[in-house]
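We count residues from 1, following the sequence as given. For ligands, and for the atoms within them, numbers begin at 1 and follow the listed sequence.
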Amino acid sequence: MKIYKRKIEIKTSSRVEFIDITKRVLDIVKDSKISEGICYIFVPHTTAAVTINENADRDVIRDIISTLNNLIPQEGNFRHMEGNSDAHIKSSLIGISVEVSVAGGILELGTWQGIFFCEFDGPRNREIWIKVLGE
Ligand code: ZN
């Protein structure tokens, strides 16, 4: 089995934003030359996340962001002194990793699916750690 590791660096531009990283992850899978296996996508941050959802209609992402902001407002009754508890909670709710099957040398995603990096306390410099495992 081969293991191929890469890091994606991104600079977010607003406090809350979802960035489509599908193409960048796919490029890493192609560079890995692994045709059958799994791609593990990990976010090493406590106020960010990663998710897979629709990348055709951008209103889906807008609805997810507005619902999260309504459920967990920035100015809640929180104790964490840094003032970003909402971002920590959103990170835990959405999660900091996803896996996608690799088949035929590409990501095996559904027609409408894209991989999104989720910023909840930007703007910041962020990393996403990618590991492709397989043959
Ligand atoms: Zn904090």
Side-chain angles (χ1 to χ4, degrees):
M1 190 187 72
K2 274 200 332 186
I3 299 174
Y4 186 84
K5 286 162 65 174
R6 279 291 178 274
K7 285 182 182 175
I8 293 175
E9 291 180 357
I10 50 175
K11 197 176 178 65
T12 59
S13 55
S14 49
R15 182 159 196 273
V16 178
E17 101 185 91
F18 282 29
I19 297 168
D20 190 336
I21 57 166
T22 313
K23 172 78 168 57
R24 295 182 70 173
V25 177
L26 178 60
D27 286 345
I28 290 169
V29 169
K30 287 177 176 170
D31 289 345
S32 77
K33 310 282 187 215
I34 289 169
S35 60
E36 299 297 321
I38 191 122
C39 179
Y40 179 67
I41 300 142
F42 179 84
V43 170
H45 302 292
T46 61
T47 55
V50 63
T51 192
I52 295 174
N53 215 299
E54 175 162 341
N55 67 356
D57 179 2
R58 284 295 294 181
D59 280 339
V60 172
I61 295 304
R62 286 190 199 100
D63 288 344
I64 291 172
I65 290 173
S66 68
T67 301
L68 281 171
N69 286 338
N70 288 336
L71 285 171
I72 310 152
Q74 188 177 355
E75 306 300 334
N77 184 25
F78 303 123
R79 296 178 65 160
H80 177 48
M81 290 192 310
E82 209 183 9
N84 61 355
S85 278
D86 67 309
H88 288 288
I89 295 164
K90 288 163 186 162
S91 169
S92 276
L93 275 179
I94 300 296
I96 46 78
S97 70
V98 293
E99 310 81 38
V100 181
S101 173
V102 172
I106 60 164
L107 292 165
E108 208 167 37
L109 285 165
T111 307
W112 308 109
Q113 286 182 320
I115 307 164
F116 292 88
F117 175 80
C118 314
E119 175 63 83
F120 295 122
D121 194 30
R124 288 177 190 245
N125 292 314
R126 299 293 203 176
E127 285 188 355
I128 303 150
W129 297 349
I130 311 290
K131 197 180 250 189
V132 189
L133 304 105
E135 334 236 323

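Annotation: side-chain contact (heavy atoms from CB on, under 4.5 Å) contacts of M81 (sequence neighbours excluded): none. H45 pairs by the ring-ring contact (aromatic ring centres under 6.0 Å, His included) definition with nothing, not counting sequence neighbours.
Counting only heavy atoms from C-beta outward, the side chains of V25 and C39 approach each other to under 4.5 Å.
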Listing, residues 93-115 side-chain donor-acceptor contacts under 3.5 Å, not counting sequence neighbours, or none:
residue, atom, partner, partner atom, Å
S101, OG, E108, OE1, 3.0
Q113, OE1, G110, N, 2.8

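Here 4 is the count of protein N, O or S atoms positioned under 2.8 Å from the Zn ion (ligand 1), waters not counted.
Residues T47 and R126 have side chains that bring a donor and an acceptor to within less than 3.5 angstrom of each other.
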Might you work through the salt bridge (charged side-chain N to carboxylate O under 4.0 Å, His left out) test for R6 and D31, ending with a clear yes or no?
CA-CA 10 Å; R6 279 291 178 274; D31 289 345; 5.7 Å; no
